[in-house]
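For reference, the structure discussed in these notes is given below.
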Amino acid sequence: MTKHPLDPLTASEIQLAVRVVRDKSGLDHTGWFETVTLDEPDRTERQAQRNSETVARRAYVCCYEPSSNRTLRGTVCLDHGKLLQWEHVEGAQARIVSDEFDAGDRIVKADPRFREACVRRGITDLDTVLVETWAAGNFGDGDEEGRRIAYCHCWVINDAGDNRYGRPIGKLHPVVDLQSGKVVRIDDFGVVPLPPDTASIRPVQNLREDLKRIDITQPDGPSFEVDGYHVKWQRWQVRVGYNLREGLVLHDIGYRDGGRVRPIMHRASMAEMVVPYGDPSPGNFRRNAFDTGEYGIGPALDSLKLGCDCLGHIHYFDVCSHDWHGTPHEIENAVCMHEEDFGLLWKHTDAQTGKMRAVRSRRLVISTIATIGNYVYGFFWYFYQDGKIGVEVKATGIPFPSAIAPGEESAFGAIIAPGIESHVHQHVFSFRFDMCVDGDRNSVEEVEFEAAPVGPDNPHGNAIRILERQLTSERQAQREIDTSRARYWKITNPGRKNRFGKPTAYKLAPGANALPLLDPQSPVAKRAGFMFRHFWATRYAPDELYPAGWFPNQSTGGGGLPEWSAADRPLSDTDVVAWYTLNFHHLPRPEDWPVQPVVYADFHWMPDGFFDENPALDVPPNDQL
Ligand code: CO
């Protein structure tokens with residue numbers, strides 16, 4: 001089958017790319033593979049491909065070479081098996097991969113200082129201990145400078161064997177050099193008693209008995225059509241994609257209207273995330289997980305199960321990840337796609353005649369779930385019949401637990417179980433949208449409102465002024481939500497007008513959100529500058545993909561969005577990329593233990609003058625299906 005230039009890499013393509021790099025790049029025998037993933041064609045190449053020109057398939061490959069402590073990267077032409085480009089990225093550290101987690105666990109357990117520290121805590125069987133090698137960040141520690149460092153957190157696996165995070169070992173943090181495979185030091189800040197409970201998350205004995213079955217049936221099959229990774233559903237068209245770093249990526253999002261598909265977004269993804277924890281105590285100030293840029297969402301995707309993760313008629317997409325040898329690893333059922341009934345779409349009852357018309361809403365759901373250590377993130381994309389696009393994060397799993405001595409109060413968190421505190425933190429996601437509302441030339445607008453002063457034009461003080469302004473350059477387009485002004489942003493096409501002569505547009509409608517509660521000069525704030533604005537817009541550039549830069553692991557910061565937008569490139573009638581920062585603030589509750597009920601955080605893109613009227617008037621009522 002001919003592959004589309006945006007189809008995820010197959011196992012054989014990963015093998016080919018690995019072979020080419022091994023043979024041609026000069027990587028020595030110690031080198032291993034951080035990333036082998038699709039090198040996507042840029043906007044110019046996509047245009048050529050739409051004009052039926054052939055576009056070669058390429059792989060992006062990033063390696064780490066322990067013998068030289070170098071991170072190297074390049075691209076491979078998969079059609080001709082050629083190394084196109086190869087470079088050493090000065091000062092960069094590759095992501096931490098899961099094989100390094102296993103290696104780190106072994107390295108630490110082999111160190112006598114660690115064994116002694118465990119014995120001091122009454123732990124003699126190291127097989128019951130879990131050591132996690134977290135990215136160390138960059139705190140200017142001379143010991144760590146220029147080395148590939150991981151900062152570890154430790155647990156005793158519970159007796160039931162179903163909660164590896166149930167019994168945190170307090171204040172014990174081995175520091176590992178992943179390059180040399182040696183323990184640099186053991187940060188031991190004092191013994192804290194092990195939490196007494198085993199925190200089993202197995203189903204309890206007495207399951208409730210008053211729950212009746214619910215079945216979702218679609219006797220006529222689903223309403224979507226799938227061709228490889230291309231999907232048509234109702235008026236929507238979208239292409240499902242995947243990469244090692246971001247996991248699920250959506251391409252070529254468009255809406256069929258009057259016989260043609262009107263483009264809206266070239267590409268949409270969750271491009272970076274960071275979870276800064278708010279406990280300043282020794283060791284714990286290190287906890288700032290960039291799950292995308294430091295570890296990668298792609299390899300962490302779950303294989304989803306019908307009836308558990310998903311209900312109804314599901315179409316699953318498989319994707320291909322790999323280990324550090326570059327051996328491909330198929331993740332079956334990594335992406336779930338199905339339709340959902342979503343309550344009312346619209347309704348009107350005529351009071352005089354009693355005539356009622358009600359139409360139910362259906363949405364297409366494309367989703368993935370990533371398990372990253374203790375935490376679980378669902379990334380859900382929704383397409384609605386009225387042209388709306390929803391983006392939702394679902395957070396579940398186990399809140400990060402720390403041991404606390406009996407009787408002590410949690411200073412920067414909450415006691416959530418006997419002997420366990422969980423610290424206040426924020427989950428901050430950066431979504432990237434490569435926009436093409438009705439075509440490639442777009443502009444950016446801000447809309448907000450204010451109460452007009454009382455005066456001759458506003459005698460009763462009820463007037464609400466609508467303030468619309470263009471954000472004409474990148475520095476202007478760095479904005480925060482303001483609930484006192486009901487602020488939002490629009491991506492418009494000045495060259496395409498609706499029937500009222502206004503540019504066609506999509507609006508970014510924020511939902512619940514927060515701002516970072518960090519000193520802007522703190523090390524994590526410098527590495528994640530993107531989180532200080534809810535909205536950013538930048539001029540499209542092919543390599544500006546990740547808002548904390550390409551290599552956040554151990555970086556000193558400043559890269560990504562703050563750096564690119566300092567150029568202050570103009571944003572009118574041009575190639576626009578919109579970025580949205582979604583922050584949810586989390587002080588764990590007792591009810592979040594031992595496993596947290598899903599917390600939802602979301603926002604929407606809505607057509608705003610993109611259509612001339614409600615585009616869903618033609619959706620048939622359910623009784624006419
Ligand atoms: Co949380």
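Keep in mind that the numbers below use all heavy atoms, side chains included, and drop hydrogens, waters and symmetry copies. By convention here, the first residue in the shown sequence is residue 1. Whatever order the structure lists ligands and atoms in, that order sets their numbers, starting from 1. Just so it is clear, the model here is predicted, and its values are computed rather than measured.
- F400 and H153 have perpendicular rings, their planes meeting at more than 60° on a 0 to 90° scale where under 30° would count as parallel.
- Note on Y375: counted as a metal contact of the Co ion (ligand 1), an N/O/S atom lying under 2.8 Å.
- Aromatic pair Y375/Y377: centroids less than 6.0 angstrom apart.
- Around the Co ion (ligand 1), the two atoms NE2 of H425 and NE2 of H427 are separated by an angle of 90°, to 10 degrees.
- A parallel orientation is assigned to the rings of F433 and F431, their planes being inclined by less than 30° (bins at 30° and 60°).
- H586 has its closest N, O or S atom to the Co ion (ligand 1) at the position named ND1.
- Separation of the W32 and Y64 ring centroids falls under the 6.0 Å cut-off.
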